[in-house]
Amino acid sequence: MSDTPRRVQSLNRFWRFFSDFKDEYLATDFDIGRGEEIGLPHSNRELALNGFDESASCFVSCYARDIDIDPAEEGRRLFLDFGAVMCECQAWLNGRPIGSHSGGYTPFSFEISGFVAYGGKNRLVLRVDSTERPDIPPFGYVIDYLCYGGIYREVSLRSQEGLFVSDFWARPTNILAESKQVLAEVEFDIREGQPVFPDLKLTLSLEFQGRELSRVSQALDLSKASIKEGSIRLSLDALKGIELWEPERPLLYRLWLRLESGDRLLDVLFRDIGFRTAEFRSEGFFLNGKALALRGLNRHQSFPYSGYAMPARAQAQDADILKYELGVNIVRSSHYPPSEHFLDRCDKIGLLVFEELPGWQHIGDSSWKDGACQALAEMIRRDRSRPSLVLWGTRINESGDDHDFYTR
């Protein structure tokens, strides 16, 4: 890991895969070398180019690997970050359960701080259920697309200080005025019993092509409930000379957030943002106050042979194909949140996005609805700072009315 406050190590290599799951795989002395050596992203089954059985990926499998954790990480907080797993998983570290997640399209994390052996081998095992579970959207009836299976997005190990930023929402405002503004809503995560961090300060700064345009700092008092249990806001005001994000000229500004304790940097992260307005009116769609005729296509994240499991460069290439070869200016992510790499590219090339929560025609029982609301929240929290996002699909595609569910 690099020597920075927020240290991230890729865990995409050296996995072992089993096409079933047995309790014996959880033993720390089990020989995982008996499994197939694979890398991530991974499909639980290599698919034929055509003519394969749609249920071919619907089974429970096991992924395992050993992780060496540097003794220098002791005293810090450690997390396993997953881009997405289809469609439910349970995880163990050194034979102890560390968490589970339902839903195949959104990211999640497991904290492993109290489970690791520093300077030695740590055995990570995942039970991955890729069956069409009726309690997990979009399943329960029929769907008109394939969902495949496996750990099909990236996995990483993240190391943090005891206090860090857990969420950071960037919102440009006053877009069409000469003097613009950026609001940042910031949430924190602090470990119970953590020693006091003196002289806490949060700094927000805006850069364009490496040049700082504006900066603001605010002292923090962790005794305030608004910080410990909610979020705080910072704003950069009176921003002048800012150019708008347009499909043909998608200018991105980098917003940095730094959390410091005296001279010690506790956390740092950024968002690439664009200044633009997006409105759907009775007379059409308006971007930055100007009417824009929308020409769009639906996009599924399916690829020959590998199903959903394709790396960043292929995800980004799909955005290029849509804009530069097919000539569209908006894409609909049918019918689930796409890869972050795809959306990163949409931000950079000016391709508008209509992003949907998982589902197709069917609305299930109360557990299913809870899962749908969870997926929707995870989708919006992940992508709400993006300039390319102009429409949220908050209704199950082609579904009937369900007043209480949609009100919720």
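Remark: the backbone N or O of V328 is not paired with any side-chain donor or acceptor of R295 at under 3.5 angstrom. Put simply, the side chain of N94 gets close to the backbone of F115: a donor and an acceptor are under 3.5 Å apart. Listed for the S130 side chain is no donor-acceptor partner under 3.5 Å among the backbone atoms of C58. Side-chain atoms of N122 never come within 3.5 Å of backbone atoms of V116 as a donor-acceptor pair (strictly under, hydrogens ignored). Side-chain N or O atoms of S333 include one that pairs as donor or acceptor with a backbone N or O of E356 at under 3.5 Å. Here the side chain of R395 pairs a donor or acceptor atom with the backbone of S399 at under 3.5 angstrom. At distances below 3.5 Å, not a single donor-acceptor pair connects side-chain atoms of E355 with backbone N or O atoms of G393. A donor-acceptor pair is defined here as one N or O able to donate and one able to accept, closer than 3.5 Å; such a pair exists between the side chain of S113 and the backbone of L78. No donor-acceptor pair closer than 3.5 Å links the side chain of S235 to the backbone N or O of D237. Proximity of a side-chain donor or acceptor of D135 to a complementary backbone N or O of S367 within less than 3.5 Å is not detected.
Rounded to the nearest 0.5 angstrom, D221 CG and L200 CG are separated by 9.0 Å. Taking CG of L234 as the start and CG of L183 as the end, the distance is 9.5 Å to the nearest 0.5 Å. The CG atom of L126 sits 13.0 Å away from the CZ atom of F18 when rounded to the nearest 0.5 Å. One finds the CD1 atom of I67 at 12.0 Å from the NZ atom of K121 (value rounded to the nearest 0.5 Å). Here the straight-line distance linking atom CG of L244 with atom NZ of K180 works out to 5.5 Å at 0.5 Å rounding. Note: N174 CG to T277 OG1 = 11.5 Å, rounded to the nearest 0.5 Å.
Stacking of R299 on the aromatic ring of F342 is recorded, both the 6.0 Å distance cut-off and the 45° axial limit being met. Taking the centre and axis of the six-membered ring of F139, the NZ or CZ atom of R133 falls outside the cone set by 45° and 6.0 Å.
Counting non-hydrogen atoms of neighbouring residues, nucleotides and ligands closer than 6.0 angstrom, the OH atom of Y118 exceeds 12 such neighbours. When the shell of 6.0 Å around CZ of R13 is examined, it contains 12 or fewer heavy atoms from other residues, nucleotides or ligands. When the shell of 6.0 Å around CD of E54 is examined, it contains 12 or fewer heavy atoms from other residues, nucleotides or ligands. Shown here is E248, whose CD atom has no more than 12 heavy atoms of other residues, nucleotides or ligands within 6.0 Å. Heavy-atom neighbours of D401 CG from other residues, nucleotides or ligands within 6.0 Å: at or below the threshold of 12. In Y305, the OH atom is not crowded: 12 or fewer heavy atoms of neighbouring residues, nucleotides or ligands sit closer than 6.0 Å.
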*Taking it one step at a time, do D66 and I32 satisfy side chain to side chain contact (heavy atoms under 4.5 Å, CB included)?*
CA-CA 9 Å; D66 292 329; I32 60 173; 4.1 Å; yes

*asked:* Pair F280, F286 - check ring-ring contact (aromatic ring centres under 6.0 Å, His included), show working.
replied: CA-CA 6 Å; F280 288 88; F286 288 75; 9.8 Å; no

*When you look at F270 and W256, which way does the ring-ring contact (aromatic ring centres under 6.0 Å, His included) test go after all the steps?*
CA-CA 4 Å; F270 67 86; W256 286 97; 5.1 Å; yes

*asked:* Determine whether R153 and Q301 satisfy the following criterion, side chain to side chain contact (heavy atoms under 4.5 Å, CB included), listing intermediate values before the conclusion.
replied: CA-CA 11 Å; R153 290 182 184 162; Q301 59 180 17; 2.8 Å; yes

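The side chain to side chain contact (heavy atoms under 4.5 Å, CB included) with Y253 is formed by just one residue from the set D272, L239, I242; it is I242. D347 pairs with exactly one of P250, S385, S388 by the side chain to side chain contact (heavy atoms under 4.5 Å, CB included) rule, that one being S388. Across P134, C373, P137, a single residue satisfies side chain to side chain contact (heavy atoms under 4.5 Å, CB included) together with W368, and that is P137. Of the options R77, R6, R264, a salt bridge (Lys or Arg N to Asp or Glu O under 4.0 Å) to E161 is made by R264 and by none of the others.
Between L252 and W245, some side-chain heavy-atom pair lies under the 4.5 Å cut-off. Looking at heavy atoms from C-beta onward, L352 lies out of side-chain contact with L389 at the 4.5 angstrom threshold. Counting heavy atoms from C-beta outward, R345 and L322 have side chains that stay 4.5 Å or more apart. A heavy-atom distance below 4.5 Å is not found between the side chains of I151 and F17. With contacts defined as side-chain heavy-atom distances shorter than 4.5 Å, the pair D344/R386 qualifies. A heavy-atom distance below 4.5 Å is not found between the side chains of V331 and D318. Using a 4.5 Å heavy-atom cutoff, the side chains of E36 and R16 are not in contact. Side-chain atoms of I136 and D129, non-hydrogen and from C-beta on, never get closer than 4.5 Å to each other.
The heavy-atom pair separating N44 from F59 by the smallest distance is O-CZ, 3.4 Å.
Between the side chains of Q315 and R313, no donor N or O sits under 3.5 Å from an acceptor N or O. For the residue pair Q90/S100, the side-chain donor-acceptor check at 3.5 Å is not satisfied. Donor-acceptor pairing under 3.5 Å is recorded for the side chains of D20 and Y25. Using a 3.5 Å distance cut-off with no hydrogens or angles, the side chains of R332 and N397 do pair a donor with an acceptor. R45 and S57 form no side-chain donor-acceptor contact under 3.5 Å, judged by distance and modelled atom types alone. Side chains of R233 and Q218: a donor-acceptor N/O pair is absent below 3.5 angstrom, by distance only. Judged purely by distance below 3.5 Å, without hydrogens or angles, the side chains of D81 and S109 pair a donor atom with an acceptor atom. In summary, the side chains of N288 and R276 do not present any donor paired with an acceptor at a separation below 3.5 Å, with no hydrogens or angles considered. Between Q317 and H341, the side chains place no donor N or O within less than 3.5 Å of an acceptor N or O (distance only, hydrogens not considered).
Under a 4.0 Å N-O distance rule, the pair D320/K348 does not qualify as a salt bridge. Between R215 and E207, none of the side-chain N atoms (NZ, or NE/NH1/NH2) sits under 4.0 Å from a carboxylate O, so this pair counts as no salt bridge. Salt bridge annotation for D267-R258: absent, with no cationic side-chain nitrogen under 4.0 angstrom from a carboxylate oxygen. Looking at R249 and E246, no side-chain N of the basic residue comes within less than 4.0 Å of a carboxylate O on the acidic one, giving no salt bridge.
Between Y336 and Y105, the angle of the ring planes stays under 30°, which puts this pair in the parallel group of the 30/60° scheme. The aromatic rings of H335 and H300 sit perpendicular to each other, their planes meeting at more than 60°, with 30° as the lower class boundary. Note on ring orientation: taking the six-membered ring where Trp is involved, the planes of F21 and W92 are parallel (angle under 30°, cut-offs 30° and 60°).
Under the 6.0 Å cut-off for aromatic ring centres, H42 and Y63 qualify, their centroids lying closer than that.
Screening residues 386-408 for ring pair (Phe, Tyr, Trp, His ring centres under 6.0 Å) gives no qualifying pairs among residues at least two apart or on separate chains.
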